[in-house]
Amino acid sequence: MSLALPISGRRAAAALATTALLLPLAACGSGDDSEKSSTAVQSGKAATGADLTVLAAASLTDVFRTAGAAYEKAHPGTEITFSFAGSQELAAQVDQGAPADALVTADTKTMDALGGETGTPTVIARNRLVIATGEGNPRDVRGLKDLADSDLKVVLAAPEVPVGRYSQKILDAQKITVKPVSQEPNVRAVLSKVELGEADAGLVYKTDAATATDKVDAIEIPDAQNAIAAYPAATLKTSENPAAAEAFVKWLSSPEARKIFKDADFQQP
């Protein structure tokens with residue numbers, strides 16, 4: 001799977017605009033949150049050789065790599081670039097006119113706020129929160145109430161980020177006050193703080209904690225205290241390849257894609 005995509009004509013100029021928007025966002029995230037990965041995709045409706053750009057929530061980084069590889073194997077022809085960041089950052093890019101073909105966010109609120117800029121969204125997967133701690137849980141964190149300990153360094157996502165809103169929602173519901181040492185721009189940045197030992201604990205999606213089992217422990221949060229994240233996917237009305245974009249978004253709800261999400265610990269829609 002190649003990492004560079006040839007784009008010509010109008011898309012070349014558009015790609016430069018996207019790069020200018022994404023570079024500062026990449027500095028905010030951690031690891032691969034803003035990384036672009038390429039895969040070839042095609043469907044019966046898609047025009048051969050179409051180039052697609054899919055903006056996706058940072059928490060989808062790993063599962064979309066797997067999904068992209070599967071789509072490439074089954075439907076060679078169209079090239080797609082995944083660009084990962086916090087959902088609020090992706091929405092800002094859409095508002096600013098960044099060239100893209102489809103969008104997948106980590107909540108319906110962010111998607112719905114884009115109004116007439118997208119096609120009809122479809123929820124393709126769901127997620128839940130866990131408490132991420134250092135490997136071996138050295139501070140013996142057992143539940144949400146422990147996060148209120150003033151001696152515990154807790155990191156959360158910023159309130160404008162979907163996982164940050166979910167985190168605050170469950171803390172408020174339990175009447176727990178947490179004073180985070182930092183508020184991060186996306187869930188991968190929260191996870192990174194815990195991985196690096198810069199925080200004792202953080203609230204992340206279960207699927208993100210599962211990508212770092214050699215560095216963090218995941219403390220389950222009971223259903224009655226938890227929140228469920230929904231991932232809507234939609235085409236963008238500014239897409240230059242609407243048929244190819246629609247085909248890919250539709251595929252994300254296929255049995256093959258749902259198995260990939262399930263294997264990555266996402267919940268079914």
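When reading the values below, keep in mind they use all heavy atoms of this one structure, side chains included, and skip hydrogens, waters and symmetry mates.
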Go through the steps for Arg139 and Asp200 under the test salt bridge (charged side-chain N to carboxylate O under 4.0 Å, His left out), then give the verdict. CA-CA 7 Å; Arg139 298 300 303 272; Asp200 299 315; 3.1 Å; yes

Working for salt bridge (charged side-chain N to carboxylate O under 4.0 Å, His left out), residues Lys193 and Glu198: CA-CA 5 Å; Lys193 289 283 187 179; Glu198 296 176 12; 3.1 Å; yes

Side chains of Thr207 and Asn127 only: does a donor on one sit below 3.5 Å from an acceptor on the other? yes

Might you work through the salt bridge (charged side-chain N to carboxylate O under 4.0 Å, His left out) test for Arg142 and Asp140, ending with a clear yes or no? CA-CA 6 Å; Arg142 295 176 180 271; Asp140 194 29; 3.3 Å; yes

Hey, does Lys145 have a side-chain heavy atom less than 4.5 Å from the side chain of Gln174? no

Just checking, is any N or O donor in the side chain of Glu184 or Ser182 under 3.5 Å from an acceptor N or O on the other one? yes

When you group the ILVMFWY residues by side-chain heavy-atom contacts below 4.5 Å and let the links chain together, are Val63 and Val249 in the same group? no

Hydrophobic clusters here meaning ILVMFWY residues chained together by side-chain heavy-atom distances under 4.5 Å, can you tell me if Ile176 and Val204 are in one? yes

Quick check on the hydrophobic clustering: are Ile219 and Leu129 connected, directly or via other members, by side-chain heavy-atom contacts under 4.5 Å? yes

So Pro162 and Lys109, do their side chains get closer than 4.5 Å, heavy atoms only? no

Looking at Phe82, Phe266, Tyr231, Tyr71, which one forms a ring pair (Phe, Tyr, Trp, His ring centres under 6.0 Å) with Phe64? Phe82

Looking at Val178, Val194, Leu144, Val187, which hits side chain to side chain contact (heavy atoms under 4.5 Å, CB included) with Leu203? Leu144

Distance alone, cut at 3.5 Å: any donor-acceptor contact between the side chains of Asp107 and Thr110? yes

Might you work through the salt bridge (charged side-chain N to carboxylate O under 4.0 Å, His left out) test for Asp62 and Arg188, ending with a clear yes or no? CA-CA 11 Å; Asp62 293 271; Arg188 285 303 175 93; 2.3 Å; yes

Are Leu152 and Leu156 in one and the same hydrophobic cluster, where Ile, Leu, Val, Met, Phe, Trp and Tyr link if side-chain heavy atoms are under 4.5 Å apart? yes

